[in-house]
Number of protein chains: 2
Amino acid sequence: MTDTGKSSQQLIKEANMNLVFRLIHKNGAISRADIKKITSLSATTVSSLVEELIGEGFVEECGIKKTKSSGRKAVMLKVKADGGFFAGLDVKKNIIRADLYGLDFTLEKSIERSLSDGESLAMGIMQAIGTLSRNKKIIGVTIGLPGVIDPGTNSLISSTVLAADDVKDIYSILKEAMPDVDVYIKNNSGLIALAEKEFGNHGRADNLISVDINDGVGAGILVDGKIYEGSGMGGEFGHMSVDFGGRKCKCGSYGCLELYASVPEILSLTETSSLGELAEKLSFGQKKKEVLQVTRALAFGINNIVNLLDPEIIVIGGSVITLGEHFLDAIKESFREIALIKDKKIVYSDIKENPVTLGGVRFSFDRMFGF
Amino acid sequence: MTDTGKSSQQLIKEANMNLVFRLIHKNGAISRADIKKITSLSATTVSSLVEELIGEGFVEECGIKKTKSSGRKAVMLKVKADGGFFAGLDVKKNIIRADLYGLDFTLEKSIERSLSDGESLAMGIMQAIGTLSRNKKIIGVTIGLPGVIDPGTNSLISSTVLAADDVKDIYSILKEAMPDVDVYIKNNSGLIALAEKEFGNHGRADNLISVDINDGVGAGILVDGKIYEGSGMGGEFGHMSVDFGGRKCKCGSYGCLELYASVPEILSLTETSSLGELAEKLSFGQKKKEVLQVTRALAFGINNIVNLLDPEIIVIGGSVITLGEHFLDAIKESFREIALIKDKKIVYSDIKENPVTLGGVRFSFDRMFGF
DNA sequence: TTCAATTTGTACAGTCATTGGACAAATCGG
DNA sequence: CCGATTTGTCCAATGACTGTACAAATTGAA
């Protein structure tokens with residue numbers, strides 16, 4: 001059943017422990033008796049697992065439940081916010097964003113810094129984590145970056161933005177510095193999708209596509225609540241072709257979505273110099289025809305995804321959100337015209353934090369507490 | 001950990017039992033000692049699980065291992081081919097194909113029949129299963145059909161080919177007739193993909209796309225070795241648009257793949273009356289230009305899938321296979337021209353049996369013996 | 001032929017996470 | 001103040017697994 005050295009019984013215990021912890025985490029405040037009812041574990045087991053969780057500092061009691069029912073009052077349990085911290089990093093070409101989150105997913109600390117002259121990416125990352133971890137017990141680090149990462153070795157295989165050599169040994173350097181902390185290096189798009197599922201204000205969807213529109217156009221794919229990776233190079237939504245007779249793209253294909261819907265192309269097609277300017281014009285009813293080219297292409301791309309994967313929801317994020325509801329409505333309208341599944345949910349992301357670091361933190365959490 | 005009434009210990013036992021059985025199944029002939037080494041279960045546990053499997057009639061001893069090593073000779077174990085039978089059905093508009101497979105996946109019996117006048121689909125299916133099951137202990141039935149099925153209730157939600165009313169209660173009728181047999185109703189595309197993974201002669205890929213080209217163009221998607229279903233309506237590869245300025249499709253969109261690459265369109269674009277005729281012409285170097293329209297469109301579609309999902313392999317099946325290697329080569333050539341990931345494996349299906357029933361049987365198997 | 005060495009498979013006792021029942025603790029309402 | 005009710009812990013029993021001991025079977029060398 002297992003290749004780890006653990007015996008099956010230990011695995012069961014671990015699974016039940018995770019189950020209980022996740023339940024406490026999800027519910028905010030919950031009693032042992034409630035846990036027993038929900039999990040259908042025995043009262044004894046719940047008690048002993050909770051005792052252990054308290055011993056590890058992950059859970060604490062937080063007062064007495066107030067109800068008007070008869071009987072002994074229940075002692076409530078909650079996650080101990082400072083029982084451990086997760087660091088999430090969003091690495092771009094020259095900028096490192098690093099966020100520290102508590103066990104209850106409250107943002108504790110944020111750093112954003114660019115690389116100083118001659119500083120390597122690995123050093124910059126180490127530095128950032130060092131700053132975050134001052135006086136805090138970090139139990140997980142996930143680094144999101146644009147590129148293909150081998151999930152087995154955590155090493156970068158390729159990236160259009162980052163130099164592979166810079167990144168290649170980040171994992172080993174980090175691991176050496178903090179041998180007992182779980183470190184993950186992941187593609188940023190997948191982390192965004194995970195963040196959308198967990199922290200977006202649109203019902204929790206286990207099959208979800210997040211579309212990220214900035215300088216490029218990417219997609220994160222969630223299957224059964226988990227980040228889909230395929231052979232590692234998926235999510236290149238920007239190079240989905242919707243017009244095989246169209247312009248040649250730098251990827252070698254023709255009529256790729258990126259030629260219509262990336263931010264630079266949007267600005268160029270609409271002859272505006274910033275998204276802010278375009279947003280204003282849209283609100284005055286201007287540039288409708290030009291924007292239609294963009295939204296129609298996007299609608300075709302999204303429809304292609306929907307026909308292929310039929311996710312529960314499509315979440316659009318990235319800087320295009322500044323274009324406002326007019327833009328989203330235009331996408332939806334084009335979509336409805338051509339779609340087979342017309343009522344598919346298409347929404348803007350409503351996450352205020354950095355979705356890459358937030359998704360990264362959630363990823364660490366899931367790895368640590370079982371999913 | 002579980003919502004079933006079973007205790008965790010029972011779940012462990014079941015998991016280990018499945019592990020052992022699948023190992024025996026996969027290896028053909030294997031000794032208890034080998035199982036111990038591979039699974040790292042204790043010798044005692046292996047012995048007791050095997051004993052139980054033999055008791056249930058799923059496994060039998062099959063002689064002594066011949067080796068020249070010293071020590072006591074190992075008793076070999078194999079799956080008892082007639083320990084139980086799986087029925088797989090491929091339901092089309094008016095034709096029911098039903099195959100019976102032994103526990104070791106040897107084809108035991110095949111039926112193909114059309115519905116007689118006034119006979120309902122459910123009755124036809126019942127009849128077919130009845131014929132198959134004569135003197136045979138059926139332990140699983142999976143019915144593959146074109147349409148959207150709710151995996152929870154096993155009822156048809158919609159189908160472009162079958163009448164929903166005909167199908168709606170197949171599951172309950174079957175269940176009533178054979179209450180202790182597992183019955184599944186699944187979309188046919190997914191079953192094809194599963195069959196490709198398990199029975200195709202191209203390394204076992206856990207992330208695989210099967211493209212089925214017949215009157216329509218469909219896709220089956222395998223993620224982590226399991227059939228991907230999304231909200232249920234995925235796999236509509238035929239309605240992926242690759243040319244948003246193209247012809248209007250009956251689905252409401254424009255330039256869908258089905259308008260280029262479905263068999264009727266292929267024949268029309270190449271002005272031939274059958275795939276056989278076209279195959280012959282291709283082998284004489286004729287119709288190259290006309291076929292290029294088809295293969296180029298397909299290449300764009302496949303490239304879109306690859307960029308989005310990056311599966312390990314794309315397997316093309318359906319009646320287009322009769323067009324032979326010329327056709328496949330043309331697809332690959334167009335693909336290489338435009339692809340970002342140029343070395344992606346694209347192959348024809350080499351499954352000789354009916355992939356829908358075969359995939360269905362494998363599906364039953366996986367459900368029964370844990371995956 | 002006989003015996004040491006080796007490998008296979010079973011028997012038995014011990015381990016450990018879980019469970020159910022008994023029970024103490026705590027609270028409400030009459 | 002006491003019965004009813006709910007919460008949470010203690011304890012013995014269950015059951016699946018493991019390790020050790022051991023019997024069975026086979027090879028090869030003395």
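All chains are named by letter (A, B, ...) in the order of the sequence lines, taking the proteins before the strands, and each is independently numbered beginning at 1. No hydrogens, no waters, no symmetry mates; every other heavy atom, side chains included, goes into these values.
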Practice item. Using a 4.0 Å cut-off on protein heavy atoms (strictly under), produce a 5'-to-3' string for nucleotides 21-30 of chain D with B for base contact, S for backbone-only sugar-phosphate contact, and - for none. Key: --BBBBS---
Exercise for review: Could you tell me whether B/Lys78 and B/Asp104 have a side-chain N and a carboxylate O separated by less than 4.0 Å?
Suggested key: no
Review point. Ring pair (Phe, Tyr, Trp, His ring centres under 6.0 Å) with A/His25: which of A/Phe58, A/Phe365, A/Phe369?
Key: A/Phe365
Revision key, fill the gap. In short, A/Ser364 meets A/Gly140 closest at the heavy-atom pair OG-C, 3.9 Å
Point to revise | Side-chain-base donor-acceptor pair under 3.5 Å for B/Thr44 and C/dA11 | key: yes
**Study point:** Closest nucleotide among D/dT18, C/dG9, C/dA17 to the B/Leu41 side chain
**Key:** D/dT18
Review point. In whole Å, what is the span from the CD1 atom of A/Ile38 to the C1' atom of D/dT7?
Key: 15 Å
Exercise for review: Classify the nucleic acid contact of B/Ala43 as base, sugar-phosphate or nothing, counting any heavy atom under 4.0 Å across all strands shown.
Suggested key: base
Exercise for review: Take atom CG of A/Leu11 and atom P of D/dA16, then tell me their distance rounded to the nearest Å.
Suggested key: 17 Å
Exercise for review: Mind calculating the distance between CG (A/Leu49) and C1' (C/dA17) to the nearest angstrom?
Suggested key: 9 Å
Practice item. Please report, rounded to the nearest Å, how far the P atom of C/dT18 is from the CD1 atom of A/Ile35. Key: 14 Å
Check your understanding: Picking from D/dC17, D/dT7, C/dT18, which would you name as closest to the side chain of B/Asn16?
Key -> D/dC17
**Study point:** Options C/dG9, D/dT7, D/dG15, nucleotide nearest the side-chain atoms of B/Gln9
**Key:** D/dG15
Exercise for review: Pick base, sugar-phosphate or nothing for B/Val75, based on heavy-atom distances below 4.0 Å to the nucleic acid.
Suggested key: sugar-phosphate
Practice item. Write down the distance between NZ (A/Lys36) and C1' (C/dG20), rounded to a whole number of angstrom. Key: 9 Å
Review point. Would B/Arg362 count as a cation-pi partner of B/Phe105, with NZ or CZ less than 6.0 Å from the six-membered ring centre and within 45° of the ring normal?
Key: no
Check your understanding: Can A/Asp169 and A/Ser172 be counted as having a side-chain donor-acceptor contact under 3.5 angstrom?
Key -> no
**Study point:** Phosphate-side-chain proximity, B/Thr45 and D/dT18, N/O vs OP1/OP2 below 4.0 Å
**Key:** yes
Review point. Nearest-Å distance, CG (B/Leu77) to P (C/dT8)?
Key: 13 Å
Revision key, fill the gap. Closest non-hydrogen contact found for B/Leu132 with B/Lys109 is O-NZ, 3.7 Å
Point to revise | d(CD1, B/Ile30; C1', C/dG9) in whole Å | key: 15 Å
**Study point:** Which nucleotide in C/dT18, D/dG8, C/dA17 has an atom nearest any side-chain atom of A/Gln10
**Key:** C/dA17
Point to revise | Heavy-atom closest pair, residues B/Lys186 and B/Ile149 | key: C-CD1, 3.4 Å
Check your understanding: Nearest-Å distance, CE (A/Met17) to P (C/dA17)?
Key -> 10 Å
